[in-house]
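The structure appears right after this line, and notes come after that.
When a ligand or atom number is given, it counts from 1 through the structure's own listing order. The basis for the numbers below is simple: all heavy atoms, side chains too, and nothing from hydrogens, waters or symmetry mates.
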Amino acid sequence: MNFDYDLFVIGGGSGGVRAARVAAGENGAKVALAEEDRYGGTCVIRGCVPKKLMVFASEYAGMAGDAREYGWKFGDTSFDWGLFRGKLHAELDRLEAIYRNILKNAGVETFDQRARLVDAHTVELADGTQKSAKHILIATGGHPVKPGLPGDELGITSNEIFNFDTLPKSILIVGGGYIACEFAGILNGLGVKTTQYYRGAQILRGFDDEARGLICEEMCQNGIDVHLGTTIIEMKKGATGIEVKATNGTTKVFDEVLLATGRVPNTAGLGLENTGVEMGRKGQIIVDKYSQTAVPSIYAIGDVTDRVNLTPVAIREGMGFVETVFKGNPTPVDHDLIPTAIFTQPEYGTIGLSEEDAREQEPIEIYSTSFRPMQTSFAGRNDRVLMKLVVSQASRKILGCHIVAPGAGEMIQLVGIAVKMGATKEDFDRTVAVHPTMSEELVTMKTPVRTA
Ligand code: NDP
């Protein structure tokens, strides 16, 4: 059978663009891609990239004060949101243009419209045109969801946070996950009076308890008003802002409310029911280890499959798909031991198991130290950092590494290589410390603080 394309990709985010580019550019496939919004997807347009630039912007707040402690003299410092926002959006426009060019240069035909599936080999664009393809790749990502409470519409999500005309004076952030905790640090740093409500006992559920505890403590010390075991009941528009009634019996007024209560896969209205592609309870597309759905010609990668929702993982899944389908080299994606960073302030870099998960699995030793690092301690701050290793008693392998410190994201990338190679505690011990650094503690901890 003759198809219009070898591959039709739905979604121009990190995963979809990579798969389309490599399939067309390196493998000579005839490829088309449809994107209804901006090219670059969540990561580039409304996620990792603008978020990280906002982290940088917010971190300068403390730097001016610290520099004074080191002898520098400045006049008054202040933050100009309008100036920053203009530059931020110009940067996003620049990056989007790069993504468009990547596709153009690789010979991928693009359609700036929504696409839906008609059958196992046919896609229909919003203008009604139908295109056939030997393979279809769904890379539509996900979107934030609001909790569904009275007055929900008054709250914003992470999609809108980059677009404030002026910075609010106060904000309530609801949720205790990555997005809630990262934006609590950012907005607090930018001078917004920041309150965070999280319904559970400690933020960042699922991560190492000791790390979560320290991050929360430091966030509070930085001025964020964190309320654990608390969430909203309803929101109303009041005379001076949004009135929020909470489970702790209070009603408080905030200029803005950020609902960071999770994300769901973008599968609604995709026409999956026409094809036999299976979905899970969250609406995620069910795929095998090669990212293939129940329909052999249809594959899915990235957040729409709700496996590990991180940009570099989506990119790998895209590369694995191309390798499998266009190079005849079946390549499953390895989802084990993925290093990752949460850009809270302080940052959290982590790989492998938390202490709590590891001790359920086998007998372990814990090496952990928490201290005031030289740079901020000299500036008179009380900030503490954490360096922690979870070690298997039997194999001596590092099962988990947890770093809470400025630059932890950079550190865990490198630790990740050693851990992925199967490094043991003794391999760490044989490595000479780089002095004076914070991370040297990772190779100098001699005695376990506990065993379990
Ligand atoms: P998460 O699922 O991580 O967090 C959602 C939070 O909202 C949880 O604390 C959850 O509580 C809470 N919540 C959920 N429903 C309700 C409700 N009805 N009422 C009150 N609270 C509620 O989602 P995020 O949106 O923060 O992040 C989504 C994903 O995006 C992450 O899992 C990650 O994969 C990715 N991401 C990665 C980043 C990075 O790598 N640095 C940065 C940002 C996002 P509970 O814990 O009790 O369920």
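- At a 3.5 angstrom cut-off on N or O pairs, G177 counts as close to ligand 1.
- With hydrogens left out, the protein atom closest to atom 34 (O) of ligand 1 is N309 O, 2.8 Å, a heavy atom.
- Between F56 and F343, the gap from one ring centroid to the other reaches at least 6.0 Å.
- Inspection of the E160 and T157 side chains reveals an N or O donor paired with an N or O acceptor under 3.5 Å.
- Under 4.0 angstrom from ligand 1, the non-hydrogen atoms of T231 all belong to its side chain.
- Ring geometry, F207 versus Y348: the interplanar angle exceeds 60°, so the pair is classed perpendicular (tilted spans 30 to 60°).
- Interface atoms of ligand 1 facing G176, defined by a heavy-atom separation under 4.0 Å, are 6 (C), 8 (C), 9 (O).
- Between G200 and ligand 1, not a single N/O pair is under 3.5 Å apart.
- Between Y39 and E96, the side chains place no donor N or O within less than 3.5 Å of an acceptor N or O (distance only, hydrogens not considered).
- For atom 18 (N) of ligand 1, the closest heavy atom belonging to the protein is P147 CB, 3.4 Å.
- Of the protein's non-hydrogen atoms, the one nearest atom 26 (O) of ligand 1 is I179 N, 2.9 Å.
- With hydrogens left out, the protein atom closest to atom 28 (C) of ligand 1 is R263 CD, 3.6 Å, a heavy atom.
- Of all the heavy atoms of A341, the ones lying under 4.0 Å from any atom of ligand 1 belong exclusively to the backbone.
- Seen from the ring of Y367, K388 does not count as a face-on cation partner, given the 6.0 Å and 45° thresholds.
- Protein heavy atom in closest approach to atom 2 (O) of ligand 1: G262 CA, 4.2 Å.
- Remark: ligand 1 atoms within the under-4.0 Å shell around heavy atoms of K51 are 41 (N), 42 (C).
- Of the N and O atoms on the side chains of Q345 and S58, at least one donor lies less than 3.5 Å from an acceptor on the other residue.
- Residue contact check for ligand 1: A260 places a non-hydrogen atom closer than 4.0 Å to it.
- Two residues are said to be in side-chain contact when any heavy atoms from C-beta on lie closer than 4.5 Å; K397 and V419 fail this criterion.
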- Mind running side chain to side chain contact (heavy atoms under 4.5 Å, CB included) on T166 and R85 for me, showing each step along the way? CA-CA 9 Å; T166 51; R85 192 193 133 172; over 6 Å; no
- Query: Given the rule in the side-chain hydrogen bond (donor to acceptor under 3.5 Å, both in side chains) test, do S291 and R307 qualify, once you have shown the distances and angles that lead to the verdict?
  - Reply: CA-CA 10 Å; S291 301; R307 286 176 282 178; 3.0 Å; yes
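- Within a 6.0 Å radius of CE in M374, no more than 12 heavy atoms belonging to other residues, nucleotides or ligands are found.
- Contacts between L310 and ligand 1 below 4.0 angstrom, taking non-hydrogen atoms only, involve the side chain exclusively.
- For atom 14 (C) of ligand 1, the closest non-hydrogen atom of the protein is T261 O, 3.2 Å.
- Looking only at heavy atoms of the protein, atom 47 (O) of ligand 1 is closest to R199 NE, 2.9 Å.
- Considering only non-hydrogen protein atoms, atom 38 (C) of ligand 1 sits nearest to Y178 CD2, 3.0 Å.
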